[in-house]
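Before any comments, here is the structure.
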Amino acid sequence: MFKLWRFLCLLAGLICAPWMANAQQQTLVIATNIYPPYVREDVKNSFLPVLFDEIGKKMKVRFEYVIQPWKRCEQSVESLEAWGAIPYARNAEREKNFLFSAPIYISDSKFFAYRDPQKSSDQSPPATYDDLRELRKWRIGGIQGYYYEPIFREAHIDTDYALSEQQNFMRLQLGRIDLFPAAVTVGWSIINDLFPREIAANFYTLEKPLSNGGTVHLMTSKRYPDNDALLQRFNQALLTVRANGTFAQLVEEFGLTMRY
């Protein structure tokens with residue numbers, strides 16, 4: 001009878017073990033915004049969340065995603081409501097309060113403009129510029145919390161901020177702003193989603209990048225519990241999914257072109 005009891009206990013333990021392991025799995029909240037082609041309306045089936053789920057498997061954690069305006073994403077990390085926010089570029093101002101993962105991918109940012117066919121070419125921004133201060137005469141749109149805020153302040157460029165990339169591209173097409181800086185891949189993806197082909201064809205980018213080859217990261221708070229260990233595990237897991245081909249496979253699966 002004793003042997004039978006031990007056997008039943010062992011069997012119950014084997015059955016319950018997966019459930020108990022899952023129940024004890026750490027959940028980390030990731031704040032982000034709709035940012036096609038990397039984070040789409042169907043969040044769970046978007047490139048970055050799917051990539052992070054693969055990273056989470058290696059870290060033995062589960063990621064939970066919250067969609068918020070970009071400024072709110074940063075506040076969520078500051079208040080420790082979220083472990084991290086994606087995708088974020090590093091700058092000196094952010095590095096005062098935040099830690100950053102190893103680079104996830106490389107992103108080039110340029111100024112987008114719209115050439116209205118009914119206006120003369122001299123009413124549109126030039127094809128390029130040498131110094132950022134040359135663009136002061138043009139109405140520049142932006143999003144609060146983005147890496148270029150301190151850059152524009154230093155150049156004394158007045159910026160008209162909106163809540164999202166989509167809003168800024170619509171304002172650009174309507175002539176309410178003249179220039180809007182965005183990651184090149186993201187910008188063209190949004191333009192092609194928002195506008196018919198004949199309208200999208202009138203958008204263009206200034207030749208000189210605002211950010212050339214800038215790296216994009218997971219941004220976390222320096223005050224998050226055990227964050228040094230968590231970031232180390234994240235970086236190792238990211239390295240693993242690169243090395244085993246998962247990263248490249250997802251890039252191909254989602255039809256992306258990126259440097260990483």
Side-chain angles (χ1 to χ4, degrees), residues 30-40 46-48 65-79 81-82 84-101 103-114 125 129 132-133 135-136 138-173 176-191 193-194 203 205-206 208-221 258-259:
I30 301 293
T32 187
N33 201 350
I34 303 304
Y35 193 61
Y38 304 114
V39 182
R40 295 192 175 273
S46 302
F47 172 73
L48 278 177
Y65 308 98
V66 293
I67 302 300
Q68 300 174 332
W70 291 115
K71 193 66 178 177
R72 182 74 181 92
C73 289
E74 186 170 323
Q75 291 168 350
S76 292
V77 176
E78 283 185 304
S79 64
E81 295 173 51
I86 54 172
Y88 273 76
R90 303 176 71 152
N91 62 31
E93 193 168 296
R94 286 176 177 166
E95 287 179 343
K96 294 175 184 176
N97 300 315
F98 301 105
L99 294 174
F100 293 83
S101 71
I104 299 172
Y105 61 88
I106 298 171
S107 177
D108 298 333
S109 292
K110 291 186 176 183
F111 283 102
F112 282 78
Y114 183 80
Y129 64 97
L132 200 56
R133 289 169 293 184
L135 302 179
R136 288 176 183 167
W138 304 102
R139 295 167 300 173
I140 295 179
I143 301 174
Q144 286 188 327
Y146 267 38
Y147 73 93
Y148 45 66
E149 275 192 285
I151 298 174
F152 289 166
R153 281 200 302 269
E154 187 176 343
H156 301 289
I157 290 177
D158 290 331
T159 311
D160 185 5
Y161 291 103
L163 293 177
S164 68
E165 282 84 1
Q166 287 83 350
Q167 286 183 350
N168 276 296
F169 281 112
M170 291 175 70
R171 295 196 302 160
L172 201 56
Q173 192 270 329
R176 295 174 183 168
I177 57 174
D178 301 308
L179 293 167
F180 170 56
V184 175
T185 305
V186 172
W188 286 120
S189 176
I190 292 173
I191 288 168
D193 284 346
L194 279 179
F203 285 90
T205 59
L206 274 58
K208 182 178 179 178
L210 175 61
S211 171
N212 187 14
T215 52
V216 177
H217 309 256
L218 163 74
M219 183 176 75
T220 69
S221 171
M258 62 168 61
R259 291 185 286 153

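Bear in mind the structure is a predicted one, so any value in this text is a computation, not a measurement. Numbers here are sequence positions counted from 1.
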Mind checking whether [X] and [Y] have side chains closer than 4.5 Å, heavy atoms only?
X      : Y      : value
Asp178 : Pro125 : yes
Ile86  : Tyr38  : no
Pro150 : Arg94  : no
Ser211 : Tyr147 : yes
Pro87  : Ile104 : no
Tyr148 : Ile143 : yes
Leu132 : Phe152 : yes
Ile34  : Ser164 : no

Ring centres of Tyr88 and Phe98 under 6.0 Å apart?
no
Under 6.0 Å between ring centres, would you say that holds for Phe203 and Phe112?
no
For Arg136, what residues pass the salt bridge (Lys or Arg N to Asp or Glu O under 4.0 Å) criterion, not counting sequence neighbours?
none
Salt bridge (Lys or Arg N to Asp or Glu O under 4.0 Å) involving Arg72 - partner list, sequence neighbours excluded
Glu81
For the pair Ile30 and Val66, evaluate side-chain contact (heavy atoms from CB on, under 4.5 Å) and give the outcome as yes or no after the intermediate values.
CA-CA 6 Å; Ile30 301 293; Val66 293; over 6 Å; no
From [X] atom [atom1] to [Y] atom [atom2], the distance as rounded to the nearest 0.5 Å:
X      : Y      : atom1 : atom2 : answer
Gln75  : Gln68  : CD    : CD    : 8.5 Å
Gln144 : Thr159 : CD    : OG1   : 10.0 Å
Leu172 : Phe169 : CG    : CZ    : 7.0 Å

Side chain of Ser46, backbone of Arg40: donor and acceptor closer than 3.5 Å?
yes
Main chain of Tyr35, side chain of Asn33: is a donor-acceptor contact present, judged purely on distance under 3.5 Å?
no
Check this for me: Arg153, atom CZ, are more than 12 non-hydrogen atoms of other residues, nucleotides or ligands nearer than 6.0 Å?
yes
Glu165 vs Phe180, side-chain contact (heavy atoms from CB on, under 4.5 Å): CA-CA, chis, key distance, verdict:
CA-CA 9 Å; Glu165 282 84 1; Phe180 170 56; 4.0 Å; yes
All pairs passing salt bridge (Lys or Arg N to Asp or Glu O under 4.0 Å) where residues 154-164 contributes a residue, at least two apart
Asp160-Arg171
Show, in sequence, the C-alpha distance, side-chain angles and deciding distance for Thr32 and Leu48, and conclude whether the side-chain contact (heavy atoms from CB on, under 4.5 Å) test is met.
CA-CA 10 Å; Thr32 187; Leu48 278 177; 5.6 Å; no
